[in-house]
Structure formats: structure tokens, C-alpha cells
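To start, the structure under review is shown below, and the notes come after it.
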There are 2 protein chains.
Amino acid sequence: MADDIDFKIIDILKINSRLSYAEIGKQIFLSPSSVRERVKKMEDSGLIQGYTLRLDQRLMGNNLEAFIMLKIFSGKLKAALVEIESYPEVKEAFRITGQHNLYIRIALKDQLHLQQFIDKLVNFGEPTTHLILSRIGKENF
Amino acid sequence: MADDIDFKIIDILKINSRLSYAEIGKQIFLSPSSVRERVKKMEDSGLIQGYTLRLDQRLMGNNLEAFIMLKIFSGKLKAALVEIESYPEVKEAFRITGQHNLYIRIALKDQLHLQQFIDKLVNFGEPTTHLILSRIGKENF
DNA sequence: GGTGAAAGCAAATTGCT
DNA sequence: AGCAATTTGCTTTCACC
């Protein structure tokens, strides 16, 4: 489906998704209308799912980033899924293989906030918490 | 620094970072120039770090998503950090607290690819692998 | 698939409040 | 902080290749 030119466009949009088609076209020697056509096709096919921003969580008032892995109590999975979707602290969450069933990435104001968050999770499972100390490299989704 | 109007703009850009200032302004009853000014200030302050896209990893040819937690061997941390930054499979990586030292999120073609990836990591530490089965809710960075 | 032309919009600057 | 007006550039569509 997608060819090398498409992947070049994706690589450019990864770095700055607000660039104009004209600007993208300059970088890959293609007309703005062709760039637009290709982008539109990638959107329509679902390859490009959308455009979003990168935020500095510290400047958003979240001094703590962490992830929690949850070993869900028997029969509590459905309730946990619904609950987790509703928390604004949750940045992403997955079902996973291994000793734990859920991975939950969170951004929090401080340690008290973390404590309160964990207190909510213990209704659904046994949490293991890992604080994020620093990022390595750049995001590359 | 940032007020409620700024956060409204951020919420809109989270959903679609390619919207025009005019369109954002319509949604929050603000002129395009004011929206632009506010966005620019948030970029300059570092609150908004950039704009990127959401991709469907399956349609990108990556049928396996996983994360690996690495317990680094003594003296191997620096080498591991350099190495990990260079792998295109790595979507994000953190230093973390707990039994393991590094968290590495990856997107891979298939199980063979995962095996090869793990084989590279075992030079630096002891890996624990968790496959991602499905996402819960939407990304919310 | 790619292009270029034309109409309609958006971005960016400026000056005013 | 916000707005309107301007110029400059971009988007979008479409006929053509």
C-alpha cells in the first residue's frame, strides 16, 4: 500500500505534524497537491490515525510520571477497564501478557497524588509501581 | 502560566493538531490571531513541545507491540543507553525505579523479529518481556 | 500518480484598544 | 490579552497529462 515516498512524508509529519503540504513537498520534491493526495489516502486507509501534540508534563503541573502494572483480581477485569478509561491521570493503558494483566501509564502532580491513585487501583488488583526517572531519546510512534 | 483557555486549546490540539487557528477559535469563541498568540506562547515556554501523528502500527507492518524491562548488568548502563537510542524498533524508553532499570517500548514485525531484538539486548542486561495485547481507551499525552 | 491554475482560506504582521 | 485589516502564502479542487 504505502511506498517509500509515503514513509518519507510520515517521517516528516512525525517531527512536525503541523507543517504545510507545501513545506513537506519542498523537502521531498513533490507538488503540494500530490503531498495532500498521499496524506489523504493514508488517513483514509487508517495508516495515519490522527495528529496530536507533545506536551511537557512537568510544565503541565505533573512532576511525577510512572507506570503501574496491575494483577487483576478474579472477576474484576471488566470493572477495572471501565474505571481506568475514566481517570484523567491515565496517559495510556494496555492489556499485557505476563505476571500482570494491565499496564497503566500515568502523569501525576506529586507523591500524594500517586498514593491516592494507587488507593483507587487496589480495588481491582495488585499494583506494582515503577516511577519514570528520565526519558531516553525521543518519542518515535 | 497557562490558563483555562490555554488548556482548552491544548485539548483541541490533542485531538487534531492540524486544525487551523481559525477552526480552534470557532470552538472556543476566540479570534484566530488570539489563538495563534496563545499557541505561540505555549510553544515558546516549552509547554507544547511539538506536533506529531498517531500511526496504526499494524498497518505499518508491525504486528507485535511489546515492552521490555531490562535489569542492566553492572557497568553496562551507558552502552545500553547509546545502543537503545539507535534501534528503530524502539518507540520510547525510560529509566525507571524498581527491579529493572530500563523500560523499552517496541514495535516489531513478528516473533522472529522479537527474538532477534531480545538477542541484542541480552548483551546489556536481563530482559523481561511483556507483549501488548490491546490498547485500553485512547492515547492521552 | 503527478501537475498547475484559480478561487477560497489561513498565516503572520501590524497597529489599535 | 484580544481584535481587525492587510499581504503573503497555503489549501483545495479540477482538468489535463
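In what follows, chains are A, B, ... by sequence order, proteins preceding strands, each numbered from 1. Just so we're clear, the structure is a prediction, and the values are computed from it rather than from any experiment.
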Q: May I ask you to establish whether A/Arg135 and B/Phe94 are in a cation-pi arrangement, using a distance under 6.0 Å from NZ or CZ to the six-membered ring centre and at most 45° from the ring axis?
A: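 So A/Arg135 doesn't make the cation-pi contact.
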
**Q.** Overall bend - the helix from C/dG1-D/dC17 to C/dT17-D/dA1, comparing terminal axes fitted on five pairs, nearest 10 degrees
**A.**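 Helix axis angle between the two ends: 30°.
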
(Q) For B/Glu37 and B/Tyr21, which I'm curious about, is there any donor-acceptor pair between the side chains at under 3.5 Å? (A)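 Looking only at side-chain atoms, B/Tyr21 and B/Glu37 do not form any donor-acceptor pair under 3.5 Å.
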
Q.
For A/Lys14, give me all partners under salt bridge (Lys or Arg N to Asp or Glu O under 4.0 Å), at least two apart in sequence or on another chain.
A.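 A/Lys14: salt bridge (Lys or Arg N to Asp or Glu O under 4.0 Å) contacts with A/Asp11.
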
Q | Note, B/Gln111 side chain near B/Leu64 side chain (heavy atom, < 4.5 Å) | A |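 B/Gln111 reaches B/Leu64 side chain to side chain.
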
Q.
Looking at A/Asn140 and B/Val90, would you say the former's side chain and the latter's main chain have a donor-acceptor pair under 3.5 Å?
A.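 Yes: the side chain of A/Asn140 pairs with the backbone of B/Val90.
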
Q: Give a yes or no answer on whether the side chain of B/Asn101 reaches the backbone of B/Ile72 with a donor-acceptor pair at less than 3.5 Å.
A: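 Checked: pair present.
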
Q: Check B/Ser17 against B/Thr52 and note the closest heavy-atom contact, atom names and distance.
A: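 Looking at all heavy atoms of both residues, the shortest contact is OG-O, 3.9 Å.
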
Q) What are the residues of residues 25-41 of chain A, sorted by number, that bring a heavy atom to within less than 4.0 Å of DNA chain D? A)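 Of all residues in residues 25-41 of chain A, the ones placing a heavy atom under 4.0 Å from DNA chain D are A/Ser33, A/Arg36.
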
Q | chain B contact limits on DNA chain C, taken 5' to 3' with a cut-off of 4.0 angstrom to heavy atoms | A |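 Result: C/dA10 to C/dT13.
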
**Q.** B/Glu23 vs A/Asp3, nearer the 5' end of DNA chain C by closest nucleotide
**A.**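 Its nucleotide being nearer the 5' end, the pick is A/Asp3.
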
Q) Please, which pairs that meet salt bridge (charged side-chain N to carboxylate O under 4.0 Å, His left out) have at least one residue in residues 47-62 of chain B, sequence neighbours excluded? A)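 Counting only pairs at least two positions apart or across chains, no salt bridge (charged side-chain N to carboxylate O under 4.0 Å, His left out) contact touches residues 47-62 of chain B.
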
Q: Using a cut-off of 6.0 Å, state whether more than 12 heavy atoms not belonging to A/Asp119 lie near its atom CG.
A: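 Result for CG/A/Asp119: enclosed.
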
(Q) Salt bridge or not between A/Asp6 and A/Lys41? Use side-chain N to carboxylate O under 4.0 Å. (A)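 No, no charged N to carboxylate O under 4.0 Å.
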
Q. Run the side chain to side chain contact (heavy atoms under 4.5 Å, CB included) check on B/Lys91 and B/Ile106 step by step: do they pass?
A. CA-CA 5 Å; B/Lys91 298 303 156 188; B/Ile106 50 181; 6.0 Å; no

Q: Go through DNA chain D in 5' to 3' direction and return only the first and the last nucleotide with some atom under 4.0 Å of chain B's heavy atoms.
A: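 Endpoints of the contacted stretch of DNA chain D: D/dA1 to D/dA4.
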
Q: Using the side chain to side chain donor-acceptor pair (under 3.5 Å) rule, pick out the option among A/Lys109, A/His113, A/Arg105 that qualifies with A/Glu89.
A: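 Between A/Glu89 and the candidates, side chain to side chain donor-acceptor pair (under 3.5 Å) is satisfied uniquely by A/His113.
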
